[in-house]
Asks: 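Have a look at this one before I ask anything.
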Amino acid sequence: MKSSLHFLSFLFLASSVCAQPSPQSKKITETFYPELDIEVNTPAFAKKKGFTNHEEMMAFLKVLSEKHPEKMSFKIIGQSQKGKDIPMVMLKAKSAETDKIKIWMQGGLHGNEPASTETMLYLIEQLCTNPALESKLDEIELAIVPMANIDGYEKQDRYSANGLDLNRDQTKLAAPETNFLKKAFSEFGAEVAVDFHEYKPYRKDYAMLGEFGIAGYFDAMLLYSGNLNVPQNLRDFTEKTFIEDTRAVLAKNNFSYHDYFSSGDYHGEVHLNQGSNNARSSATNVALTNTISALIEIRGVDLGRTSFKRRINCGYLIAMSFIQSAIENKRELRSQLIEATKSTHIAVIKSKKSVKEMPVKFIDIGSSSIIELTIPVHNANEMMATFTRTRPSAYLIQKDQTEVVEKLKTLGLTIEQLASSKELKVEVYTVTEFEREPEKYEGVNRQNVQTTTELKTIVFEAGTYVLYTNQARANLAIEILEPETTNSMVSFSVIETELNQTLPYYRSLAPITID
Ligand SMILES: [Zn+2]
């Protein structure tokens with residue numbers, strides 16, 4: 001008795017202290033995530049273990065493009081840091097309908113989320129070969145990047161070869177892969193975009209909950225932006241149409257789902273962070289370009305090939321749901337996107353999330369059963385603005401800021417230049433508070449600043465860059481240029497500054513012309 005008590009307390013300690021809770025038991029897999037008996041004809045299933053590698057993917061795409069040249073082709077959009085070709089698949093059938101909806105999908109931005117890549121390959125194969133899906137390509141045009149982070153994928157590692165997280169690189173654009181992806185995305189001009197990922201059922205924080213730790217329960221988690229610079233009509237339409245349709249499809253097919261959340265340690269207590277408003281990640285970054293945007297998390301990291309077909313099918317149903325929603329709501333989709341483009345909302349610089357206790361389902365590892373924990377949830381889909389500025393009519397950027405201008409162009413922003421020198425009344429930023437973070441985050445010592453703006457008359461030379469905020473993707477420019485936002489060019493030290501310095505770009509409140 002005594003020894004078993006000791007044993008139990010040892011187990012308890014182990015589960016509370018260890019960063020790596022016990023792996024998923026057979027019982028949990030069998031009870032909650034039974035494998036599906038479906039045929040998946042992607043390269044991974046031609047072998048007993050492992051996932052489709054880069055070479056197999058290229059061969060697979062080549063065969064499909066040769067068999068179905070009338071609807072499927074692919075091109076190379078760039079190379080990974082280790083020199084491997086990044087393919088982008090185009091699915092577009094010749095049909096009477098010329099004004100097709102443009103949909104972008106990608107997988108494998110994190111290299112250790114294999115069902116995201118395999119889902120994209122399965123989707124491509126189905127759209128090429130399944131006669132029941134033939135008519136879909138009459139209405140839509142799809143661009144798919146199945147393996148966005150090839151070097152990471154080849155090692156089943158989250159990061160790119162130089163250690164950067166490509167889904168924290170969407171505003172600073174430090175990795176070559178991010179630049180190739182963003183350029184291809186901007187050129188394609190997507191109206192709907194979905195980024196497929198997998199999430200880790202076991203998080204370090206989860207060891208602190210339940211008797212022997214807990215695990216994430218949901219087959220899929222759905223992320224759509226709560227960023228207040230994304231026009232309200234677009235946020236509402238995304239959730240009420242695309243996300244709501246996806247929820248219905250998942251429910252009908254017996255997959256569990258929830259709005260996306262991660263966990264965080266708040267003074268020793270585990271809280272959940274639901275949704276996202278962060279422009280450094282794809283869901284919000286893309287939404288800020290006035291696109292219907294979502295990030296999908298399938299339950300899968302560290303699960304190997306356990307329930308692999310189930311995970312792929314879950315992702316596939318979600319992809320098809322987005323395609324179907326776009327087709328069924330084409331007219332409204334177009335009018336919502338136009339309305340969003342006309343939005344002249346105030347520039348939100350800082351905002352805070354609502355915090356509410358909410359019941360959330362988890363798997364209790366000790367009892368292999370579902371439990372419901374009531375837990376504080378910080379919700380990015382319920383944000384409140386705490387610091388705003390008037391939306392400028394344009395930003396003027398000094399001629400020497402070529403790196404910043406290149407990045408803005410890669411992100412799809414149109415930038416013009418003054419034809420001749422001009423005297424203009426503009427707002428000048430002066431840094432009034434400055435902190436450089438001592439620890440590196442994603443390769444940079446970030447700068448946290450507070451600035452004041454003052455109206456001044458300045459003579460700008462010919463060639464000064466002008467970014468108008470009446471363009472479709474302007475909300476992303478606001479998020480990147482207002483220096484206090486957490487993902488700005490100043491925050492990420494792309495623009496270095498110091499206390500009491502002025503910044504090399506300006507806000508024009510009055511309308512200006514370049515000639
Ligand atoms: Zn991911």
Side-chain angles (χ1 to χ4, degrees), residues 51-52 80 86 104-123 144-175 177-178 180-182 185 193-206 215-225 246 257-264 272-287 293-308 311-312 314-316 318-319 322 380 441-442 487:
F51 310 104
T52 302
S80 73
I86 308 169
W104 170 281
M105 291 189 183
Q106 67 182 34
L109 193 61
H110 289 141
N112 61 337
E113 301 172 3
S116 66
T117 290
E118 216 68 37
T119 294
M120 292 299 97
L121 297 178
Y122 180 53
L123 176 70
I144 302 179
V145 179
M147 197 184 280
N149 172 13
I150 292 163
D151 299 341
Y153 203 87
E154 295 277 86
K155 292 188 297 175
Q156 282 297 303
D157 182 68
R158 178 180 175 93
Y159 303 97
S160 71
N162 66 358
L164 292 183
D165 184 330
L166 300 186
N167 206 26
R168 302 290 178 267
D169 192 37
Q170 308 272 311
T171 57
K172 62 182 166 55
L173 306 179
E177 289 90 343
T178 323
F180 294 131
L181 286 163
K182 282 289 172 196
F185 178 80
V194 194
D195 185 11
F196 288 85
H197 288 249
E198 287 199 287
Y199 78 91
K200 192 173 179 168
Y202 303 100
R203 298 175 65 88
K204 201 170 132 200
D205 299 322
Y206 290 177
Y217 164 64
F218 303 102
D219 282 293
M221 297 208 281
L222 316 172
L223 174 57
Y224 44 100
S225 182
T246 300
Y257 59 88
H258 196 278
D259 278 2
Y260 167 83
F261 59 80
S262 61
S263 61
L272 300 182
N273 299 307
Q274 184 164 307
S276 173
N277 64 324
N278 239 322
R280 67 186 182 202
S281 309
S282 71
T284 289
N285 193 283
V286 166
S293 168
L295 186 151
I296 304 301
E297 297 269 12
I298 309 289
R299 187 183 190 277
V301 170
D302 291 345
L303 296 185
R305 274 180 60 150
T306 309
S307 315
F308 200 37
R311 284 147 59 193
I312 293 164
C314 182
Y316 171 75
I318 294 170
F322 270 80
Y441 171 80
E442 288 294 315
N487 300 290

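The figures that follow rest on heavy atoms only: side chains count, while hydrogens, waters and symmetry mates do not. Ligands are counted one by one from 1 in listed order, and the atoms in each one are counted from 1 as well. All residue numbers refer to positions in the sequence shown, counting from 1.
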Asks: Is the ring pair H258/F218 parallel, tilted or perpendicular, if the boundaries are 30 and 60 degrees?
Replies: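 The rings of H258 and F218 sit tilted, inter-plane angle from 30° to 60°.
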
Asks: May I ask you to decide if Q170's main-chain N or O and N285's side chain share a donor-acceptor pair within less than 3.5 Å?
Replies: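 Confirmed, N285 side chain pairs with Q170 backbone.
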
Asks: Look at the side chain of E442 and the backbone N and O of D165, then say whether any donor-acceptor pair between them is shorter than 3.5 Å.
Replies: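 Side chain of E442 to backbone of D165: a pair is present.
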
Asks: To make sure I understand the geometry: which N, O or S atom in H110 is closest to the Zn ion (ligand 1)?
Replies: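 Closest to the Zn ion (ligand 1) among those atoms: ND1.
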
Asks: Between the Zn ion (ligand 1) and H197, which N, O or S atom of the residue is the nearest one?
Replies: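 Going by distance to the Zn ion (ligand 1), the closest N, O or S atom in H197 is ND1.
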
Asks: List for me each residue that meets ring-ring contact (aromatic ring centres under 6.0 Å, His included) alongside F51, sequence neighbours excluded, and say none if there are none.
Replies: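 Partners of F51 by the ring-ring contact (aromatic ring centres under 6.0 Å, His included) criterion, ordered by chain and then number, come out as F308.
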
Asks: Got a sec: is E113 within less than 2.8 Å of the Zn ion (ligand 1) via an N/O/S atom?
Replies: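 Yes, since at least one N, O or S atom of E113 sits under 2.8 Å from the Zn ion (ligand 1).
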
